[in-house]
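Report on the structure given below.
Just so it is clear, the model here is predicted, and its values are computed rather than measured. Residue numbering restarts at 1 for every chain, and letters A, B, ... go by the order of the sequence lines.
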Amino acid sequence: MERTKITALIAADRSPGSVLIKGWVRTRRDSKTFSFIELNDGSCLKNIQVIADDSLPDYEEVKKLSTGSAVVIKGKMVESEGGGQKWEIRADEVEIISIAPDTYPLQKKRHTDEYLRTIAHLRPRSNKYGAAFRIRSELSWAIHKFFKEKEFRYIHTPIITGSDCEGAGEMFRVTSLPLDNLPRKEGKTDFSADFFGKEANLTVSGQLSAEMFALSLGDVYTFGPTFRAENSNTSRHAAEFWMLEPEMAFCDLTGNMDLGEELIRYLTRYVLDNCTEDMELFARFVDKNLMATLENIVRGDFVRLPYTEAVEILQKSKKKFEYPVTYGKDLQSEHERYLTEDHFKKPVILYNYPKEIKPFYMRVNEDGKTVAAMDVLVPGIGEIIGGSQREERLEILESRMEEGGLNKEEYWWYLDSRRYGSVPHSGFGMGFERFIMLVTGIRNIRDVIPFPRTPNSIEF
RNA sequence: UCCCCAGUAGCUCAGUCGGCAGAGCAGGUGGCUGUUAACCACCGUGUCCGUGGUUCGAGUCCGCGCUGGGGAGCCA
């Protein structure tokens, strides 16, 4: 007999008769002549209830089944005599695969997220984390679906990069040199003896590579792991995370904002439509306002606000800020939060930032003072997308690199794209984990990554 | 990296003014029951994060360290 996943059984309109199920015991309750087993196989949030009668040959063994134990059960699916579930399985055979001893760390009760982080290898067996990682999987798929429908090409940009400065934070060094005995040359480490013959790092962004492919294939995106060696200790930063980076040729900042907004709306609607059961868990137990927040995202347009106007709104507001709002400085978290959570109460796209506070590759506007940058800010999380129209004019790009103290020779291939057939183009990066946090209401990035990597933490 | 808070049983937490270490859940035993985080009775459970100090006496007060959390910065 072929195994049936529990999700299919729960959804059935009529009994398929005999079934074979495999899974882990969530809990067991004994009655006088039989035992109720709640079985979960990870295919969905719900358990299926199994009735194991004392007439079973190994009933004494069945009574030893503890939370976490693994079993294979053959039985008939029948309508449940009790309330609370439509179907249940009357077991004909119970094969015990393994009994979990009472040291099993997951108990039949609520655990704190902090505790579950210490057992990250077992936490996906809990309701909340099972749901979170099913949603993560569905969202990954939805991203590809969205871009496929829009005829974008999926580009695999390198994880190891030779650019020693991609302009976005500290990088992890990649080397095959013996760290306890580094080759030296003129008082410095001799990287010509290293694997690649020069310094290499883990990527902090696929953008520069993606730009080359946008200027070849048109509309492209990358979606993969990204690394930052920043000593960030917050609930929304990780050293290894996944980033989605679309890049579009012949596209200006407005088109870029349109895509970001459409993407967020599409993905939000996707989880609401396709992960209903798992989403209900988050709406009930994690964030009571979750559905209202998400409805708000799916329905209304995002606010689009130039940086200058945002500064004016913040300066006019009666709210007392810890840090003053001054033109020419980056907004503080508290300022962003005020805009999305108090003033507008919806996602806000800030654009046209002062060029001094943004990287060299962002396109300088006609005013000569601002660049065509845009950040999408959402309530509760803050920045979820950061992007820009790219500087396509060679001379301006070169002078911006000089201002930023970058070595133009290192970027010869990047600059080539502005020498040969340069066109206006735009793109952005979306933090995948931050998006999962947004739709689930989970407040710590460590709880939406299977095995999170943060400063001083790489246990699993 | 900076600021703040916490660390007590397997888990969640209480512990008053410095004076014998506690509860619920989990686990064990027995009972009851088409049960639903089942229920009832009984039973066991400690490097009070570590270290140094103050004190007749420290879970409690002080210093240092470690770990975890919240916030800030860096950003996605």
Side-chain angles (χ1 to χ4, degrees), chain A residues 26-38 46-53 66-68 78-85 88 90 100-119 126-127 166-170 203-207 223 225-245 260 285 321-323 329-337 357-359 373 375-378 381-387 428-438 443-449 454-457 459:
Chain A
R26 279 297 173 80
T27 175
R28 192 177 52 79
R29 295 176 289 272
D30 288 326
S31 191
K32 188 180 276 176
T33 58
F34 55 89
S35 192
F36 294 102
I37 302 168
E38 295 266 351
K46 287 208 176 87
N47 308 320
I48 191 112
Q49 177 163 282
V50 176
I51 311 295
D53 198 85
S66 51
T67 301
V78 296
E79 285 195 37
S80 179
E81 288 173 31
Q85 61 280 315
E88 63 190 19
R90 290 205 160 265
D102 60 23
T103 51
Y104 185 59
L106 281 167
Q107 299 176 2
K108 298 185 290 187
K109 60 167 212 163
R110 244 185 128 100
H111 289 292
T112 59
D113 293 329
E114 291 79 12
Y115 171 67
L116 289 168
R117 251 169 246 157
T118 69
I119 50 165
S126 69
N127 288 338
E166 291 187 11
E170 295 295 310
T203 185
V204 293
S205 165
Q207 180 197 320
F223 180 40
T226 306
F227 307 88
R228 302 275 165 91
E230 296 288 348
N231 188 14
S232 298
N233 292 287
T234 80
S235 53
R236 26 177 229 293
H237 290 87
E240 178 181 318
F241 63 99
W242 278 54
M243 188 154 65
L244 168 67
E245 295 177 281
F285 299 116
F321 294 114
E322 196 181 333
Y323 297 90
K329 278 191 165 177
D330 232 335
L331 298 185
Q332 299 279 325
S333 284
E334 57 173 344
H335 305 144
E336 296 180 351
R337 242 183 286 120
I357 57 173
K358 290 292 180 185
D375 285 355
V376 180
L377 312 176
V378 292
I381 313 288
E383 185 177 342
I384 199 163
I385 281 177
F428 61 79
M430 183 182 85
F432 184 50
E433 285 78 13
R434 288 189 183 173
F435 187 80
I436 301 170
M437 291 166 72
L438 174 68
R443 282 287 171 262
N444 196 310
I445 198 167
R446 285 167 257 248
D447 299 331
V448 297
I449 302 180
T454 52
N456 265 312
S457 173
E459 180 67 22

- prompt: Applying a 3.5 Å limit to both distances, which nucleotide forms a Watson-Crick or G-U wobble pair with B:rU1?
  reply: B:rA72
statement: Checking N1-N3 plus N6-O4 or O6-N4 for Watson-Crick, or N1-O2 and O6-N3 for wobble, each under 3.5 Å, the partner of B:rG44 is none
Using the [atom1] atoms only, state how far [M] lies from [N], rounded to an integer number of Å.
| N | M | atom1 | answer |
| --- | --- | --- | --- |
| B:rA26 | B:rG44 | C1' | 13 Å |
| B:rC40 | B:rG24 | P | 11 Å |
| B:rU51 | B:rC13 | C1' | 26 Å |
| B:rC56 | B:rU47 | P | 29 Å |
| B:rG30 | B:rA6 | C1' | 41 Å |

Whole angstrom is fine here: how far is it from [atom1] in [X] over to [atom2] in [N]?
| X | N | atom1 | atom2 | result |
| --- | --- | --- | --- | --- |
| A:Phe34 | B:rU36 | CZ | C1' | 13 Å |
| A:Asn233 | B:rU67 | CG | P | 11 Å |
| A:Gln107 | B:rC13 | CD | C1' | 14 Å |
| A:Asp113 | B:rC11 | CG | P | 16 Å |

message: Looking at A:Glu88 and B:rG34, is any side-chain donor or acceptor paired with a base atom of the opposite kind under 3.5 Å?
response: yes
- prompt: Is there a donor N/O on one and an acceptor N/O on the other, under 3.5 Å, for the side chain of A:Arg110 and the base of B:rC25?
  reply: no
statement: The residue, A:Gly84 or A:Glu322, whose nearest nucleotide of RNA chain B is more 5′ is A:Gly84
task: State whether a side-chain donor-acceptor pair under 3.5 Å links A:Asn444 with A:Arg236.
output: no
field: Between A:Phe241 and A:Phe432, ring centroids under 6.0 Å
entry: no
